[in-house]
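This is a predicted model, so every value here is computed, not measured.
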Amino acid sequence: MKTSQRGVSLIKKFEGFRGVAYLCPAGIPTLGWGTTTGVTMDDVKSGRKVTRSEAGALLALDLAVFEREVEQAAIKPLNQHQFDALVCFAYNVGAAGMRGSSVIKAHNR
């Protein structure tokens, strides 16, 4: 499955856009709409910038990874809304956090 446009919009709404690299509350280097993949402390220190278009491309790359993780973790079928919610959740807590969560365990029961 692929994240729907509603799912992407939800992630963008929750994450918010920041065009300059920063440390999230957990101390992880972050950029754009919550992208952490490939973002380093050097990016934060140098003030790496991205446009909304560039951030959208980074988000799309990240989503492909999280979509695969959700598909692998979900034993029972998902409808589009459930899939979008789980991808959003995984994007926020990480793939390992989603796999070990009570949310995916409850879904699989």
Side-chain angles (χ1 to χ4, degrees):
M1 290 182 86
K2 300 294 285 176
T3 308
S4 72
Q5 189 54 51
R6 286 178 82 180
V8 173
S9 295
L10 183 66
I11 291 169
K12 286 181 174 181
K13 180 180 176 184
F14 285 145
E15 294 294 334
F17 175 77
R18 293 190 53 185
V20 179
Y22 64 98
L23 290 178
C24 76
I28 299 168
T30 308
L31 184 63
W33 278 293
T35 295
T36 59
T37 304
V39 184
T40 66
M41 282 300 295
D42 287 340
D43 293 327
V44 174
K45 290 175 186 174
S46 70
R48 177 181 170 192
K49 295 180 182 179
V50 292
T51 65
R52 287 180 180 267
S53 178
E54 292 166 334
L58 293 172
L59 176 60
L61 290 173
D62 280 348
L63 285 181
V65 172
F66 289 107
E67 288 164 350
R68 283 192 302 276
E69 291 287 343
V70 167
E71 286 177 335
Q72 290 173 358
I75 296 168
K76 294 191 174 186
L78 296 162
N79 67 36
Q80 187 67 54
H81 298 298
Q82 292 168 324
F83 183 78
D84 289 349
L86 281 171
V87 170
C88 182
F89 179 63
Y91 190 79
N92 189 269
V93 302
M98 179 270 303
R99 284 191 307 271
S101 73
S102 59
V103 173
I104 195 70
K105 290 175 185 172
H107 170 75
N108 286 334
R109 274 196 301 271

Inter-residue atom distance Glu67.CD - Asp62.CG, 0.5 Å rounding:
10.5 Å
Any donor-acceptor pair under 3.5 Å from Asp43 side chain to Thr40 backbone:
yes
Indicate the atoms forming the closest heavy-atom contact of His107 with Lys76, along with that distance.
NE2-O, 3.0 Å
Quick one: closest heavy-atom pair of Val50 and Ala55, and the distance?
CG2-CB, 4.0 Å
Partner of Thr3 by side chain to side chain contact (heavy atoms under 4.5 Å, CB included), out of Val70, Leu10, Val8, Leu59:
Val8
Atom pair CZ (Arg68) and CG (Leu63), whose distance is rounded to the nearest 0.5 Å:
11.0 Å
In this structure, CG of Leu58 is separated from OG of Ser53 (nearest 0.5 Å) by 10.0 Å
From the list Leu23, Val20, Ile28, side chain to side chain contact (heavy atoms under 4.5 Å, CB included) with Val44 holds only for Leu23
Check: Lys2 main-chain N/O paired with Gln80 side-chain donor or acceptor under 3.5 Å:
yes
So, the side chain of Gln72 versus the backbone of Glu69: is there a donor-acceptor pair under 3.5 Å, distance only?
no
Considering only heavy atoms from C-beta outward, does the side chain of Tyr91 approach that of Thr35 to under 4.5 Å?
yes
On a heavy-atom basis, the closest approach of Pro77 and Gln82 is O-OE1, 4.1 Å
For Ser4, does its backbone N or O pair with a side-chain atom of Asp84 as donor and acceptor, under 3.5 Å?
yes
Hphob cluster co-occupancy, Val93 + Ile11, side-chain heavy atoms under 4.5 angstrom
yes
Nearest heavy-atom pair of Ala74 and Leu78: which atoms, and what distance?
CB-CD1, 3.6 Å
Do Phe89 and Val103 have side chains that get closer than 4.5 Å, going by heavy atoms?
yes
Do you know which two heavy atoms are closest between Ala21 and Val39, and how far apart they sit?
CB-CG1, 4.4 Å
Euclidean distance, Glu15 CD relative to Cys88 SG, rounded to 0.5 Å
7.5 Å
Side-chain heavy-atom pair Glu54, Lys49 within 4.5 angstrom cut-off
no
Could you tell me whether the side chain of Asp42 and the main chain of Arg48 form a donor-acceptor pair under 3.5 Å?
no
Atom pair CG/CD of Leu86 and Glu71 - distance to nearest 0.5 Å
11.0 Å
So how far is it from Arg52 CZ to Trp33 CH2, rounded to the nearest 0.5 Å?
5.0 Å
